[in-house]
Amino acid sequence: MSLHKNTIGWPIIAAIGVSIVVAGQFSGWNYGLAYGWLNMAIATAVMCVFYAGLLQCVSELSATWPSAGGLGTYVSMAFGERLGGFVSVAMALALIACVGAVATFIVSYAASIVAIDPLLLKLVVFTAVIVLHLRGAKDALWLTLVVGLIAVATLLGFSVGVLPTFKASNLSIELGSISVGGIIHAIPFALWLYVGVEQTITASEETKVPGRDVPRGLAIALLVLTLTSFSVLFAAPGAGGVEAIANAGDPLLEALGKASGGTSGLATWIGIGALLGLIASFFSITYSASRQVYDLARGGFLPSAMSWVNTRGTPVLAVFAVAVAGFSLSLVSPERVLLGVVLLFTSSYLLTICAFLRLRHTRSKEQRSYRAIGGTATAYLTLALSIAVLACSFKLDVLILVPIAVLFILTSVCRRWGRLSISQ
């Protein structure tokens with residue numbers, strides 16, 4: 001069996017893109033406020049420009065060569081299987097880590113609504129997502145579209161709801177507080193407001209018209225995410241104060257609590273909407289991660305059994321693998337996981353832009369169903385920004401690189417073993 005073809009249109013592509021990212025707009029981004037609100041705002045604007053360029057490049061790539069392998073496919077086409085395999089492994093690991101981080105955020109928001117054991121809630125959430133995938137992702141993706149709209153409405157509703165208590169003084173807007181160091185430290189957290197939206201291209205192999213659906217879906221997703229990211233960036237610290245929400249696991253509810261002096265009906269509705277949004281994000285990230293694992297297995301980097309697909313078009317063992325690994329990572333500090341995810345993504349972005357430029361040169365005669373706005377000029381600007389973002393990410397503890405290196409070595413060995421098995 002293989003993935004179901006010609007089943008997804010641009011509304012689902014947009015929904016997946018928003019849902020993958022929206023968890024980071026409910027929680028995670030606020031850690032960047034520790035470096036000053038203005039620095040965080042500038043970093044967010046830089047990330048908006050960066051992702052606009054990146055999405056144009058990946059839109060052209062995935063519309064021309066649709067693949068469930070995502071970014072790794074195009075790096076392989078440009079530079080060979082070794083680098084392509086690195087990107088595919090990095091993306092799979094990053095997405096699985098995101099699954100774990102989002103599970104932690106779900107628990108943080110749920111704790112404010114209902115008293116339930118965190119570990120039990122995580123087990124319930126992971127079990128539910130496995131069941132939904134096994135029933136067939138296509139049907140659940142329509143549910144993701146609805147819940148994604150609820151999540152967006154929740155973010156915008158929060159921003160409007162706190163307007164009566166908004167105080168510009170809470171943002172500590174002082175030009176003297178802008179610093180290069182502050183912006184550099186804030187960039188990984190500003191990236192969290194958008195990170196992963198490009199992973200929607202793992203669904204390109206299942207779209208109806210890749211040249212139309214992928215670029216349109218990604219463009220709409222970016223517009224929606226830009227609106228919601230700047231809304232919460234102003235509203236949450238403006239209502240609750242920068243210091244109050246900088247380290248909160250549920251920053252929107254923390255902001256509402258500080259603004260109202262306690263609980264409120266609005267806080268309950270925001271909490272419910274946040275939970276729905278996080279669950280939609282959880283499902284979408286699991287979807288993309290399982291497709292990435294499926295493609296790694298299909299390419300020989302993981303055991304071939306991981307590429308088995310049931311009659312509903314679901315890579316069953318890949319979904320189970322993502323769920324088990326994601327659950328394990330949900331037990332790790334979310335801030336540490338977040339920074340590791342950023343490093344994985346940014347290194348892959350750099351190689352992807354280089355691949356775009358190389359394929360524009362080496363395979364220029366191949367017909368493209370979509371061409372990036374700005375062409376190579378957009379790519380070079382995005383390349384410069386990707387280098388800067390990657391440099392900012394290396395403020396991390398180098399120990400984070402160890403599991404990445406180990407996993408890459410193991411998958412390379414598995415790939416070689418798979419080749420030897422086939423030759424025999």
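- Judged by distance alone, the side chain of S330 and the main-chain N or O of F327 form a donor-acceptor pair under 3.5 Å.
- The one candidate from L385, L191, V389, I183 that meets the side chain to side chain contact (heavy atoms under 4.5 Å, CB included) condition with V46 is L385.
- You'll find the side chain of P237 reaches within 4.5 Å of the side chain of I245, heavy atoms only.
- Looking at E198 and S348, their side chains never come closer than 4.5 Å, going by heavy atoms from C-beta outward.
- Under the 4.5 Å side-chain criterion, counting only non-hydrogen atoms from C-beta, M40 is not in contact with V242.
- Looking at T127 and V124, their side chains never come closer than 4.5 Å, going by heavy atoms from C-beta outward.
- One distance of note links CD of E254 with CG of N247; it measures 10.0 Å at 0.5 Å rounding.
- No hydrogens or angles considered: nothing links the side chains of S204 and S62 as a donor-acceptor pair under 3.5 Å.
- Within 6.0 Å of CZ on F234 lie no more than 12 heavy atoms contributed by other residues, nucleotides or ligands.
- With E60 contributing its side chain and A372 its backbone, the two residues share a donor-acceptor pair below 3.5 Å.
- W37 places a side-chain N or O within donor-acceptor distance of the main-chain N or O of L233, the cut-off being under 3.5 Å.
- For E366 and W65, the side-chain atoms include at least one donor-acceptor pair closer than 3.5 Å.
- Residues Y194 and C48 form a side-chain contact, since some pair of their non-hydrogen atoms from C-beta on lies under 4.5 Å apart.
- Two residues are said to be in side-chain contact when any heavy atoms from C-beta on lie closer than 4.5 Å; V152 and L156 meet this criterion.
- Proximity of the aromatic rings of Y51 and Y349 is defined here by a centroid distance below 6.0 angstrom, and this criterion is met.
- Distance alone, capped at 3.5 Å, places no donor-acceptor pair between the E81 side chain and the S76 backbone.
- Atom CD1 in I187 sits 4.5 Å away from atom CE in M47 (nearest 0.5 Å).
- Side-chain atoms of Q56 and T378 include no donor-acceptor pair closer than 3.5 Å.
- Aromatic ring centres of F282 and F105 lie farther apart than the 6.0 Å criterion allows.
- The side-chain heavy atoms of V214 and L218, taken from C-beta on, include a pair separated by under 4.5 Å.
- Remark: the backbone N or O of T154 is not paired with any side-chain donor or acceptor of W269 at under 3.5 angstrom.
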